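Just so it is clear, the structure is predicted and the values come from calculations on it, not from any experiment.
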Amino acid sequence: RANTILLDDLFKDLDREFLIGQIQHLEKELGEIFSDETFSSLLIHLSIIVYRVSRNCSLKEITGETTLNNSIEYTLTSQIIENINTRFTITIPSEEIYYFTVHLLGAKVITKNTKYKFNETEAIIIRNIATKMVEEIGNLYAVDFKEKKEDVIDGLITHLIPTVYRIKYKKRILNPIYPEMEQKYSDLLGNTKIVCRHLSEYCKEEINEQEVSYIAMHFLAALHSKLNEKTDMPKAIVVCGSGYGTAQVVAMQLSSLFS
C-alpha cells in the first residue's frame with residue numbers, strides 16, 4: 001500500500017516494515033482504513049521523525065491546544081512513539097508527537113468512521129453543517145436526494161472531519177484533478193464555494209480552492225447518482241488509493257458509460 005521509492009532512496013537504513021506495522025496499528029485502533037496516499041504520507045512522516053531525532057535535529061517549541069493532547073489520536077501516537085523509541089533506541093520529544101498527531105487528524109480515510117474525531121457537541125455541529133450544505137446544493141440544482149439524503153450527508157461528514165483539522169492546523173493539500181474540475185465543473189465549484197460558508201464560519205477561516213474542489217467532488221458524485229438513477233445496472237467495485245472522494249468520482253464516470 002505504501003509507495004516506498006522515496007523511503008528506499010532516503011531512509012533505506014530504517015526498519016520500514018516495523019514503521020508500517022505502527023501505522024497499521026493506528027488503523028486498527030481508530031477503526032479506519034487510510035487511503036494509500038495517506039498511508040504513504042504517514043509512513044514518510046514517521047521516517048522523518050526517526051531520522052531527525054537520531055541526528056539531534058528534532059522539532060523544538062511547538063505548542064498545541066490542550067484539546068489536541070486529550071484526543072485519542074494523540075494518545076495512540078504517544079503509544080506508537082514509545083514502540084519506536086524502544087526499537088530505534090531514541091527518545092522522541094513531545095513536539096514530534098504533536099507534529100505527527102496533526103497529520104493523523106488530517107488524514108484522508110476510506111472508511112466512514114467518525115467516533116474518535118470530535119466530542120458529542122462538535123459532532124452535532126459538523127452534522128448540522130453537512131446537512132445545510134447538502135440541502136443548499138440540492139436546492140441549487142433542484143434535486144431531492146430523498147432516501148439517499150442521509151448517505152450523502154454521512155459521506156460529506158467523512159470528508160469534513162479531516163478537512164476541519166487541516167484548516168485548523170493550516171495543512172494544505174492539493175487535488176491532482178483540480179484543473180479538470182475547474183474546466184468541466186466550474187459552476188459546481190462556484191456553488192460549492194457558496195455552501196462552504198457554513199464550514200468557513202465554524203472554522204473561522206476561508207476554505208481554499210483545493211479543499212473546496214474535494215468537497216465539490218463529493219457533491220458531483222451525489223448529484224450524478226441521483227440524476228442518473230437506473231435499474232439493472234452492472235455492478236462493480238471501485239478501489240482508489242487516493243481516497244473515498246476520488247473513488248466516488250471514478251465510480252460516477254464508470255456508471256456514466258452505461259447511462
Side-chain angles (χ1 to χ4, degrees), residues 1-110 113 116-119 161-176 203-205 208 210-211 241-243:
R1 291 175 54 196
N3 184 343
T4 60
I5 296 176
L6 180 61
L7 293 171
D8 289 339
D9 184 32
L10 298 178
F11 307 109
K12 58 185 177 182
D13 295 332
L14 294 182
D15 186 345
R16 185 176 63 229
E17 293 304 319
F18 175 81
L19 295 178
I20 287 174
Q22 300 309 300
I23 298 173
Q24 290 172 334
H25 175 74
L26 291 175
E27 287 184 313
K28 180 180 178 181
E29 293 301 313
L30 290 169
E32 297 178 341
I33 299 174
F34 301 133
S35 68
D36 289 356
E37 177 186 17
T38 293
F39 196 100
S40 293
S41 177
L42 292 176
L43 179 58
I44 289 170
H45 282 303
L46 272 186
S47 300
I48 290 172
I49 289 171
V50 174
Y51 187 87
R52 274 200 298 251
V53 174
S54 63
R55 285 158 179 76
N56 297 315
C57 298
S58 57
L59 298 176
K60 304 294 183 183
E61 299 180 356
I62 293 182
T63 57
E65 299 182 3
T66 56
T67 53
L68 177 63
N69 297 343
N70 293 330
S71 68
I72 186 66
E73 286 82 5
Y74 186 88
T75 300
L76 291 173
T77 297
S78 298
Q79 291 174 1
I80 68 166
I81 290 300
E82 283 299 316
N83 297 337
I84 293 170
N85 282 340
T86 301
R87 171 63 184 82
F88 295 98
T89 320
I90 56 178
T91 302
I92 297 174
S94 59
E95 289 84 357
E96 295 282 7
I97 298 175
Y98 169 75
Y99 167 83
F100 187 80
T101 302
V102 170
H103 287 282
L104 183 58
L105 286 165
K108 290 165 62 179
V109 299
I110 297 173
N113 188 329
Y116 291 125
K117 296 288 184 179
F118 291 107
N119 61 41
I161 289 171
T163 301
V164 167
Y165 281 105
R166 285 194 296 267
I167 294 168
K168 189 173 183 180
Y169 297 106
K170 303 187 185 308
K171 282 183 79 260
R172 291 184 64 89
I173 60 169
L174 296 177
N175 187 343
C203 295
K204 296 181 174 58
E205 293 279 351
N208 67 64
Q210 299 293 321
E211 293 287 5
S242 61

* Chi angles and distances behind the side chain to side chain contact (heavy atoms under 4.5 Å, CB included) call for Arg87, Asp15 -> CA-CA 9 Å; Arg87 171 63 184 82; Asp15 186 345; 3.1 Å; yes
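- The two residues Asn175 and Gln210 have their closest heavy-atom pair at N-OE1, 2.7 Å.
- The CD1 atom of Ile81 sits 4.0 Å away from the CD1 atom of Ile92 when rounded to the nearest 0.5 Å.
- Looking at heavy atoms from C-beta onward, Phe39 lies in side-chain contact with Ile20 at the 4.5 angstrom threshold.
- Residues Val102 and Tyr169 approach most closely at CG1-CB, 3.4 Å, considering heavy atoms.
- Rounded to the nearest 0.5 Å, atoms CZ (Arg16) and CG (Leu43) are 8.0 Å apart.
- Not a single salt bridge (Lys or Arg N to Asp or Glu O under 4.0 Å) links Glu82 to another residue, sequence neighbours left out.
- Looking only at side-chain heavy atoms (C-beta outward), Pro93 and Tyr99 stay at 4.5 Å or farther from each other.
- Checked options Leu104, Ile97, Leu105; the residue passing with Tyr74 is Ile97 (criterion: side-chain contact (heavy atoms from CB on, under 4.5 Å)).
- Side-chain contact between Ile84 and Ile49 is absent, with no heavy atoms from C-beta onward closer than 4.5 Å.
- Put simply, the side chain of Phe100 reaches to within 4.5 Å of the side chain of Ile80, judged on heavy atoms.
- The shortest distance between side-chain heavy atoms of Thr101 and Ser78 does not fall below 4.5 Å.
- Residue Leu46 holds its CG atom at 10.0 Å from CD of Glu96, rounded to the nearest 0.5 Å.
- In this structure a side-chain-to-backbone donor-acceptor pair under 3.5 Å is present from Glu27 to Phe34.
- A 4.5 Å side-chain heavy-atom check between Glu73 and Tyr165 finds every atom pair outside the cut-off.
- Among all heavy-atom pairs drawn from Glu211 and Lys171, the shortest one is OE2-O, 4.4 Å.
- The shortest distance between side-chain heavy atoms of Gln22 and Leu26 does not fall below 4.5 Å.
- Using a distance-only test at 3.5 Å, with no hydrogens or angles considered, no donor-acceptor pair links the side chain of Thr89 to the main chain of Asn85.
- By the 4.5 Å heavy-atom criterion applied to side chains, Ile72 and Glu29 are not counted as neighbours.
- Rounding to the nearest 0.5 Å gives a distance of 12.5 Å between OG1 of Thr77 and OH of Tyr98.
- For Lys28, the NZ atom is loosely surrounded, since the number of other residues' heavy atoms within 6.0 Å does not exceed 12.
- Residues Leu19 and Ser47 approach most closely at CD1-OG, 3.6 Å, considering heavy atoms.
- Distance check: Ile44 CD1 to His103 NE2 gives 11.5 Å after rounding to the nearest 0.5 Å.
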